[in-house]
Trainee: 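Let me begin by handing over the structure; questions about it come next.
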Amino acid sequence: MNARNFLYIRPNNKPSAKNRADDKLETKKLFLKNTIPTPLPIKIFPNRESVRKFNWDLPKTGFAIKPARGYGGSGIITFKKWTGDHGITTSGEEYTIAKLESHIFDILDGAFSLQYLPDKAYVERLVIPHPFFKRIAPL
């Protein structure tokens, strides 16, 4: 991946384009503007206060928590079940609201972002792959 970035990404893209691509929320805005299908954010957490004030009314059948500027998939948690005060991730781990808030605070503090800079967290619906893809990449 480092060779790919050094040989192709860096010399062939403007810094402003790389910055936009590194920010998933900015990328979503660009997709939506150009009618490219993408899941809409359910909630964006720009700061700790927004986390503390949230009512945790999330889809009972699944959602994902993601850092806006995460790297390599780190910091993403996908839930397959949510009751309103706790949930089960797709890997089977149980999360309470307090544990989920702690994870989102880590995202906001930049624990998963490029260069460990402060970040935003967001929630989006869980994307369920079409059954066709089970033959190619079983879950």
Trainee: Begin with the C-alpha distance, continue with both residues' side-chain angles, and end with the deciding distance and a verdict on side-chain contact (heavy atoms from CB on, under 4.5 Å) for Ile65 and Tyr95.
Mentor: CA-CA 12 Å; Ile65 301 279; Tyr95 270 74; over 6 Å; no

Trainee: For Lys99, I'd like to know if atom NZ has over 12 heavy atoms of other residues, nucleotides or ligands within 6.0 Å.
Mentor: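 More than 12 within 6.0 Å, yes.
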
Trainee: Is there a path of hydrophobic side-chain contacts, each under 4.5 Å between heavy atoms, that joins Tyr122 and Ile104?
Mentor: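 Different clusters.
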
Trainee: Return the OG1 to NE2 distance between Thr96 and His86, rounded to the nearest 0.5 Å.
Mentor: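 It comes to 9.5 Å.
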
Trainee: Nearest heavy-atom pair of Ile44 and Pro41: which atoms, and what distance?
Mentor: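 What the structure gives for the nearest pair is CG1-CB, 4.0 Å.
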
Trainee: Please report the closest heavy-atom contact between Ile107 and Lys120, naming both atoms and the distance.
Mentor: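 Taking Ile107 first and Lys120 second, the nearest heavy atoms are CG2-O, 3.5 Å.
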
Trainee: Taking C-beta and beyond as the side chain, do Thr38 and Thr27 meet within less than 4.5 Å on heavy atoms?
Mentor: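 No, too far: nothing below the 4.5 Å cut-off.
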
Trainee: Would you indicate whether the side-chain heavy atoms of Phe112 and Asp119 approach each other to under 4.5 Å?
Mentor: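 A side-chain contact is absent here, since even the closest heavy-atom pair is not under 4.5 Å.
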
Trainee: Backbone N or O of Gly70 within a donor-acceptor pair of the Lys24 side chain at under 3.5 Å?
Mentor: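 Yes; judged by distance alone, with no hydrogens or angles, the pair exists.
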
Trainee: Please round to the nearest 0.5 Å and tell me the distance separating atom CD1 of Ile76 and atom OG1 of Thr89.
Mentor: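 If we round to the nearest 0.5 Å, Ile76:CD1 and Thr89:OG1 are 13.5 Å apart.
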
Trainee: Could you check whether any side-chain heavy atom of Ile77 comes within less than 4.5 Å of a side-chain heavy atom of His103, counting everything from C-beta outward?
Mentor: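 Ile77 reaches His103 side chain to side chain.
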
Trainee: In terms of side-chain geometry, is the basic nitrogen of Lys29 or Glu26 positioned less than 4.0 Å from the acidic oxygen of its partner?
Mentor: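 Salt bridge between Lys29 and Glu26, a charged N being under 4.0 Å from a carboxylate O: yes.
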
Trainee: So do the side chains of Phe54 and Leu100 get within less than 4.5 Å of each other, counting heavy atoms only?
Mentor: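 A side-chain contact is absent here, since even the closest heavy-atom pair is not under 4.5 Å.
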
Trainee: Could you check whether Arg48 pairs with Asp109 (Lys NZ or Arg NE/NH1/NH2 to Asp/Glu carboxylate O, under 4.0 Å)?
Mentor: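 Salt bridge present between Arg48 and Asp109.
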
Trainee: Hey, does Leu58 have a side-chain heavy atom less than 4.5 Å from the side chain of Phe79?
Mentor: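 Heavy-atom side-chain distance check fails, nothing below 4.5 Å.
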
Trainee: Let me see the working for Trp56 and Glu101 under side-chain contact (heavy atoms from CB on, under 4.5 Å), right down to the final yes or no.
Mentor: CA-CA 10 Å; Trp56 301 106; Glu101 286 178 336; 3.6 Å; yes

Trainee: Is Asn47 reaching over with its side chain to a backbone N or O of Glu49, donor-acceptor style, under 3.5 angstrom?
Mentor: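 Yes: the side chain of Asn47 pairs with the backbone of Glu49.
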
Trainee: Any chance you could measure Glu124, atom CD, to Ile42, atom CD1, to the nearest 0.5 Å?
Mentor: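 So the CD of Glu124 and the CD1 of Ile42 are separated by 8.0 Å.
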
Trainee: Is the shortest heavy-atom distance from the side chain of Lys43 to the side chain of Phe45 under 4.5 Å?
Mentor: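 Yes, side chains in contact.
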
Trainee: Which pair of heavy atoms, one from Ala68 and one from Leu25, lies closest together, and at what distance?
Mentor: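 That closest heavy-atom pairing would be CB-CD1, 3.9 Å.
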
Trainee: Look at the side chain of Asp106 and the backbone N and O of Ala111, then say whether any donor-acceptor pair between them is shorter than 3.5 Å.
Mentor: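 Not confirmed, Asp106 side chain does not pair with Ala111 backbone.
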
Trainee: Is it the case that the side chain of Lys28 and the backbone of Pro39 share a donor-acceptor pair, with hydrogens and angles ignored and the cut-off at 3.5 Å?
Mentor: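 Answer holds: yes.
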
Trainee: Ignoring hydrogens, what is the shortest heavy-atom contact between Ser74 and Pro67? Give both atom names and the distance.
Mentor: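 For Ser74 and Pro67, the tightest heavy-atom pair comes out as O-CG, 3.6 Å.
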
Trainee: Would a 4.5 Å heavy-atom cut-off, applied to side chains only, mark Thr61 and Leu126 as touching?
Mentor: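 Answer no - side chains too far apart.
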
Trainee: Tell me, with the steps shown, if Phe105 and Arg52 meet side-chain contact (heavy atoms from CB on, under 4.5 Å).
Mentor: CA-CA 10 Å; Phe105 291 155; Arg52 290 186 187 105; 4.3 Å; yes

